[in-house]
Amino acid sequence: MNNVIRAVKGTHDLYGEQLRAHKHITDTARRVLESAGAIEVHTPIFEETQVFEKSVGASTDIVRKEMYTFSDRGGRHLTLRPEGTAGLLRAYIERGMKVWPTPVRLWTSGPMFRAENVQRGRQRQFHQVDYEVLGLESALIDAETIELMVAILRELGLESLKVRLGSVGDPEDRLRYNHYLRELLSPVQQRLSDDSRDRLTLNPMRILDSKNQGDREVLADIGVRPMLDFLGPAAMAHFEEVKELLEQFAVPFEVDPSIVRGLDYYIRTAFEVQHDRIGARSALGGGGRYDGLSETLGGPRVPAVGFAFGIERLLIAMQEDNLPTPSGYVLDLYLIPLDAEAVTETAIIASKLRPTLHVESAFSPKRPGKGLQEASKRGARFAGLLGKEEQKRGVLAIKNLETGEQADMRLEQVVGFVSGRQV
Ligand code: HAM
């Protein structure tokens, strides 16, 4: 087995219980989001690299180190999507969704790709549910968006949730904050990592999000004032309103004055949702407002707000909270041919029963005992035996594998018996 080819580090094959749990999460998100009018959109898994460079931002870890970028045979610069927002906004602009009734609510789910250090809750291919509302500036839509995210998590049964709310201000507030950070950090730049020294020029605020241990120590030593101290009156009024509205929505939250999201497109509202038993640097999800992104991508001005959460992180949280995942496929009936002549007949009977029941049939003749053993191993609820005697009489010997009860019956009776509806 030395030469076995394995899945790429940080990627997983999804099947069985895991896959069912993923579907359970997406189905729950679909129910909640579509009940609020969201439309499902699937964008391509890869886009022109500039879609992400321009939106996520050149100073972010994602763009600097984590994107799977390649040139295709036509020499196009492409990237596997590291997140969903940029692609959805590209689609919104390109497909002319601005003329749809406002607000336009879009949602998507699927795999995202980031070349991160692999650890619990951090993979290279992971899955997100992503929701975006386009067209409204009001704080009410920010609060509703946060409420919808919490509603999905609650619907899944999750407890111990913490909403951390902050504001990254308006672009002019950020300019002032970046100026302050540059003045503060330039004298100690020799102690910063190479990446953070670059960020001092590009976007000092990014240094606050650094995962480098040395950078974190410098920041702790010098004591940095939070972004919230630098909000201008407009951003502050918006922030106050979001807080008040969240109280009216009965969504508990904590103000985090120094929230830094890992993406550059945010203005004003920024939030993350955390689970008590998973580390603070592994948020279940997060989001915020990003009014300037459409213009950055060459579109019209479109105020927007949204969130995304990671399905794998939710699964960890659900395990921590001991939440069950729904049971999956149940085999109703396993058909067993008792001799070679009955093999084709059982396959045909299986095909006839399949519109209403989950049915499989054995493809070689079995002795009854062996056949029943196989049926149990597959988790079948019922077994159906077909030998010469049964064929002659036009019946199947159906056995309830839970109770041991057995009866001969004609094909027309089988569905009723197996599904519990006697005919
Ligand atoms: P994000 O915070 O980069 O935001 O990612 C959202 C969530 O995706 C994280 O909280 C986490 O649960 C999950 N996630 C991210 N990276 C990984 C990883 N390597 N492995 C496992 N899970 C991961 C965004 O992506 C924004 N697009 C959210 C947004 C939507 N903002 C506005 N609209």
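- Ion pairing of Lys243 with Glu240 is present here, as a side-chain N (NZ or NE/NH1/NH2) and a carboxylate O approach within less than 4.0 Å.
- The closest side-chain donor-acceptor pair between Lys9 and Thr11, if any, does not fall under 3.5 angstrom.
- There is a side-chain donor-acceptor pair under 3.5 Å between Asn203 and Asn178.
- Within the 3.5 Å criterion, the main-chain N or O of Leu263 finds no donor-acceptor partner in the side chain of Thr60.
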TODO: Could you go through the ring pair (Phe, Tyr, Trp, His ring centres under 6.0 Å) check for Phe382 and Phe417 one step at a time?
DONE: CA-CA 10 Å; Phe382 289 83; Phe417 188 68; 5.6 Å; yes

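- In this structure, a donor-acceptor pair under 3.5 Å is present between the side chains of Thr85 and Tyr265.
- When only modelled atom types and interatomic distance are considered, His275 and Glu320 share no side-chain donor-acceptor pair under 3.5 Å.
- Checking Glu132 against Tyr290 by side-chain atom types alone, a donor-acceptor pair falls below 3.5 Å.
- Screening Thr269, Asp173, Leu228 against Ser167 for a side chain to side chain contact (heavy atoms under 4.5 Å, CB included) leaves a single residue, Leu228.
- Considering only heavy atoms from C-beta on, Ser294 comes within 4.5 Å of Pro300 through its side chain.
- For the pair Ser282 (side chain) and Ile278 (backbone), a donor-acceptor distance under 3.5 Å is absent.
- Although no hydrogens or angles enter the test, the distance criterion places no donor-acceptor pair under 3.5 Å between the side chain of Arg301 and the main chain of Glu295.
- The shortest distance between side-chain heavy atoms of Lys54 and Glu48 does not fall below 4.5 Å.
- Side-chain N or O atoms of Arg182 include one that pairs as donor or acceptor with a backbone N or O of Leu200 at under 3.5 Å.
- In plain terms, the two heavy atoms of Pro111 and Gln125 that are nearest each other are CB-NE2, 3.4 Å.
- Using a 4.5 Å heavy-atom cutoff, the side chains of Arg289 and Asp142 are in contact.
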Open item on the list: The test is side chain to side chain contact (heavy atoms under 4.5 Å, CB included); show your working for Ile311 and Gln128 and say whether it passes.
Closed with: CA-CA 6 Å; Ile311 295 183; Gln128 275 187 350; over 6 Å; no

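- With rounding to the nearest 0.5 angstrom, the OH atom of Tyr92 is 9.5 Å from the CH2 atom of Trp100.
- A salt bridge links Glu155 with Arg31: at least one charged nitrogen is closer than 4.0 Å to a carboxylate oxygen.
- For Asp256 (side chain) and Ser258 (main-chain N/O), a donor-acceptor pair under 3.5 Å exists by modelled atom type.
- A salt bridge is defined here as a Lys NZ or Arg NE, NH1 or NH2 lying under 4.0 Å from an Asp or Glu carboxylate O, and Lys23 with Glu17 fails to meet this definition.
- Proximity of a side-chain donor or acceptor of Glu83 to a complementary backbone N or O of Ala86 within less than 3.5 Å is detected.
- Electrostatic pairing of Glu172 and Arg176 does not count as a salt bridge here, judged by no charged N lying under 4.0 Å from a carboxylate O.
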Task: Steps toward side chain to side chain contact (heavy atoms under 4.5 Å, CB included) verdict (Ser71, His77) - done: CA-CA 5 Å; Ser71 297; His77 245 323; 4.2 Å; yes

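- In this structure, Arg105 contributes its side chain and Ala36 its backbone to a donor-acceptor pair below 3.5 Å.
- For Phe239, the ring-ring contact (aromatic ring centres under 6.0 Å, His included) criterion is met by no residue, not counting sequence neighbours.
- Among all heavy-atom pairs drawn from Gly288 and Tyr266, the shortest one is N-CE2, 3.4 Å.
- Atom-to-atom distance recorded for Leu202:CG and Arg197:CZ is 13.5 Å, nearest 0.5 angstrom.
- A donor-acceptor pair is defined here as one N or O able to donate and one able to accept, closer than 3.5 Å; no such pair exists between the side chain of Ser196 and the backbone of Ser193.
- Between the NZ atom of Lys370 and the CD1 atom of Ile336 there is a distance of 11.0 Å, given to the nearest 0.5 Å.
- Side chain of Arg381 to backbone of Leu401: no donor-acceptor contact under 3.5 angstrom is found.
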TODO: Please report the C-alpha distance between Glu47 and Leu78 in whole Å, then the side-chain angles of each, then the deciding distance to 0.1 Å, and finally whether the side chain to side chain contact (heavy atoms under 4.5 Å, CB included) criterion is met.
DONE: CA-CA 6 Å; Glu47 300 268 358; Leu78 306 175; over 6 Å; no

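- The two atoms that bring Pro252 and Arg154 nearest to each other are CD-NH2, 3.3 Å, heavy atoms only.
- Of the N and O atoms on the side chains of Thr26 and Ser109, not one donor lies less than 3.5 Å from an acceptor on the other residue.
- Here the straight-line distance linking atom OH of Tyr334 with atom NZ of Lys377 works out to 10.0 Å at 0.5 Å rounding.
- Defined by atom type and a distance below 3.5 Å, a donor-acceptor pair is present between the side-chain atoms of Glu40 and His42.
- Looking only at side-chain heavy atoms (C-beta outward), Arg20 and Thr325 stay at 4.5 Å or farther from each other.
- With rounding to the nearest 0.5 angstrom, the CG atom of Leu148 is 6.0 Å from the CZ atom of Phe307.
- Ser210 and Asp215 are linked by a side-chain donor-acceptor pair at a separation below 3.5 angstrom, with hydrogens and angles left out of the test.
- Going from atom CG of Asp130 over to atom CZ of Arg81 covers 9.0 Å, rounded to the nearest 0.5 Å.
- One finds no salt bridge joining Glu360 and Arg354 here, because no Lys/Arg side-chain nitrogen approaches an Asp/Glu carboxylate oxygen to under 4.0 Å.
- When all heavy atoms of Ala347 and Ser361 are compared, the pair lying nearest together is CA-OG, 3.6 Å.
- Electrostatic pairing of Glu272 and Arg261 counts as a salt bridge here, judged by a charged N lying under 4.0 Å from a carboxylate O.
- The one candidate from Arg206, Arg199, Arg114 that meets the side-chain hydrogen bond (donor to acceptor under 3.5 Å, both in side chains) condition with Asp61 is Arg199.
- Asp264 and Ser59 are linked by a side-chain donor-acceptor pair at a separation below 3.5 angstrom, with hydrogens and angles left out of the test.
- Of the possible polar contacts, none joining the Glu94 side chain to the Ala91 backbone as a donor-acceptor pair under 3.5 Å is found.
- Considering every non-hydrogen atom in both Gln406 and Ala397, the closest pair reads NE2-CB, 3.7 Å.
- Cation-pi geometry between Arg225 and Tyr180 is met: the NZ or CZ atom falls under 6.0 Å from the ring centre, inside 45° of the normal.
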Task: Verdict with supporting geometry, Asp291 and Glu137, side chain to side chain contact (heavy atoms under 4.5 Å, CB included) - done: CA-CA 8 Å; Asp291 295 354; Glu137 234 154 318; 4.1 Å; yes

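- For Glu159 and Arg277, the salt-bridge test fails: no basic side-chain N is under 4.0 Å from an acidic carboxylate O.
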